[in-house]
Amino acid sequence: MSMLTNTLGRYFAGRFVVAALGVFAGIFLLLVLVDYIEMVRKTSGLASASALMVAETSLFRVPQLLEKLTPFCMLIGAMTCYLALSRRLELVVARAAGISAWQFISPALGSALLIGVIATVAYNPMSANLRELSKRMEAELFGSAPGGGIQDASGFWLNQVTSDGQTIINAARSEQQGVRLTGLTLFRFDPDQHFKERVEAREATLETGRWLFKGVRRFSLDAPPVDQATLEIPTTLTEAQVRNSFSTPETVSFWQLPSYIRSSESSGFATAGYRLQYQKLLAQPFLLAAMVMLAASVSLRFFRMGGVQKMVLSGVGAGFLLYVLSKVTEDLSKAELMHPIAAAWLPVVVGGLTGFLALLYQEDG
């Protein structure tokens, strides 16, 4: 019986992993296709945009988008797996052999935990690095059009005040968490708050004590536009300060988040977003396991008993409600109305307990 259980455990785990990876791959291809079509539309007027470069840019952007959908991939994959096992009566055979539902769910739970660990420690850093590469390629595609690109119209804004006056910086795209900017527009004011000039630049790099702008065109009220190769503007901003304005917690890899939290704390900036992202990545393996519990609670009913469609819809609805709960707790945490640990782990606890109690009622009730 021990050998039978181990063999069945490996079989159920393999079926679950194949189903989850199949859903993951299908959604990945769909996102790549949609993003590629959108990128083709935006680059249709650029002669320098090749089809290969546009495709690579879309391919590098999608992994970070797909990371947010990983729990739903796990939910749909687990439901697909168990419904297929029920359709082929393999679960009936397993039950007839004396194996309870808890025993053939445990391999999927272990697989979900392992996938979650891999997603946190390996996939997340990879998606963050690919996102940086995509931003660099976007800068190459749209570099000749200041303020253009695929960011929204507002882009990123930064305000700095020095002894020379005030400078308001607007960037269409940000790389390396704000250290390198592209598609820039600057509004400069003198110390008396009088408008001085408007500056457009192709790119800018933050160096110690200065911003270095390249591909510059300067506009003033009493002179024609002037083109310059470079322009230096003094600044008192540090990388930590710029990072707080231009980076988002989702673009920072799991291994870099602790140092970002420490640097933001030492600079006096709010760290709720970074702490929440760090706790969400820590909780990700258990969230995937909770999704498996939810899927199992609605997918183990035999087809001959009927009502399968209704149960599947209820499983999708439960996953959606869990997603809504996670967004609400995330917003509360970013507004510093809820502790990041509670915000990250509450959906895990709610989803896991809901699936566990549903299974307990079905199997042992």
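As the structure is a computational prediction, the values presented were derived from the model and not from experiment.
- Contact detail for Ala343 and Leu276: the closest heavy-atom pair is CB-CD1, 3.8 Å.
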As a quick check of understanding, evaluate side chain to side chain contact (heavy atoms under 4.5 Å, CB included) for Val199 and Leu231, giving each step before the final call. CA-CA 10 Å; Val199 180; Leu231 173 66; 4.1 Å; yes

Using the rule given for side chain to side chain contact (heavy atoms under 4.5 Å, CB included), can you reason through Leu281 versus Leu257, listing the C-alpha separation, both sets of side-chain angles and the distance that settles it, and then say yes or no? CA-CA 10 Å; Leu281 291 175; Leu257 277 170; 3.8 Å; yes

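- Residue Asn124 comes nearest to Val252 through the heavy atom pair OD1-O, 4.0 Å, listed as atom of the first residue, atom of the second, then distance.
- Side chains of Arg188 and Ile233 form a contact here, defined as non-hydrogen atoms less than 4.5 Å apart.
- Between Phe320 and Phe72, the ring center distance fails the sub-6.0 Å criterion.
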Start with the C-alpha gap between Glu200 and Arg198, add the side-chain angles, then the distance that decides, and say whether salt bridge (charged side-chain N to carboxylate O under 4.0 Å, His left out) holds. CA-CA 7 Å; Glu200 291 185 356; Arg198 179 171 66 89; 2.8 Å; yes

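- Across all their heavy atoms, Glu56 and Met137 have their closest contact at OE1-CE, 3.3 Å.
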May I have the step-by-step check of salt bridge (charged side-chain N to carboxylate O under 4.0 Å, His left out) for Asp190 and Lys196, ending in yes or no? CA-CA 6 Å; Asp190 60 23; Lys196 186 176 180 181; over 6 Å; no

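- Ring-plane geometry between Tyr278 and Phe254 is classed as parallel, the angle between the planes falling under 30 degrees on a 0 to 90 degree scale with a further cut at 60.
- When hydrophobic clusters are built by joining Ile, Leu, Val, Met, Phe, Trp and Tyr residues whose side-chain heavy atoms come closer than 4.5 Å, directly or via intermediates, Leu287 is not grouped with Met338.
- For Trp255 (side chain) and Val121 (main-chain N/O), a donor-acceptor pair under 3.5 Å exists by modelled atom type.
- The shortest distance between side-chain heavy atoms of Phe213 and Thr230 does not fall below 4.5 Å.
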Apply the test side chain to side chain contact (heavy atoms under 4.5 Å, CB included) to residues Thr205 and Lys214: give CA-CA distance (whole Å), side-chain angles for both, the deciding distance (0.1 Å), then the verdict. CA-CA 9 Å; Thr205 304; Lys214 298 180 181 179; 5.5 Å; no

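- The nearest pair of heavy atoms linking Asp164 to Pro234 is OD2-CG, 3.7 Å.
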Between Arg15 and Leu85, does the side chain to side chain contact (heavy atoms under 4.5 Å, CB included) criterion hold? Intermediate values first, please. CA-CA 9 Å; Arg15 291 291 301 270; Leu85 292 174; 3.7 Å; yes

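- Side chain of Thr70 to main chain of Glu67: a donor-acceptor pair is present (N/O by atom type, distance under 3.5 Å, no hydrogens or angles).
- In this structure a side-chain-to-backbone donor-acceptor pair under 3.5 Å is missing from Thr120 to Val117.
- Criterion: ILVMFWY side-chain heavy atoms under 4.5 Å apart, direct or through other members. Under it, Phe28 and Val54 are part of a common hydrophobic cluster.
- Side-chain N/O atoms of Gln228 and Arg218 include a donor and acceptor closer than 3.5 Å.
- Donor-acceptor pairing under 3.5 Å is recorded for the side chains of Gln160 and Thr235.
- Judged by distance alone, with hydrogens and angles left aside, the side-chain atoms of Ser253 form no donor-acceptor pair with the main-chain N or O of Pro125 at under 3.5 Å.
- Ring geometry for Phe189 versus Phe195: interplanar angle over 60°, hence perpendicular rather than tilted (30 to 60°).
- The main-chain N or O of Thr329 is never found under 3.5 Å from a side-chain atom of Ser333 such that the two would form a donor-acceptor pair.
- Clustering ILVMFWY residues whenever any of their side-chain heavy atoms sit less than 4.5 angstrom apart, transitively, puts Leu21 in the very cluster that holds Val292.
- In this structure, a donor-acceptor pair under 3.5 Å is absent between the side chains of Trp211 and Glu232.
- Residues Leu29 and Leu69 fall within the same hydrophobic cluster, defined by Ile, Leu, Val, Met, Phe, Trp and Tyr side chains chained together at heavy-atom separations under 4.5 Å.
- Leu353 and Leu346 are assigned to two separate hydrophobic clusters, defined by single-linkage of ILVMFWY side chains at heavy-atom distances under 4.5 Å.
- The two atoms that bring Ile105 and Ala296 nearest to each other are CD1-CB, 3.6 Å, heavy atoms only.
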Evaluate the side chain to side chain donor-acceptor pair (under 3.5 Å) criterion for residues Ser134 and Arg131: first the C-alpha distance (whole Å), next the side-chain angles of each, then the deciding distance (0.1 Å), finally the verdict. CA-CA 5 Å; Ser134 72; Arg131 183 65 179 124; 2.9 Å; yes

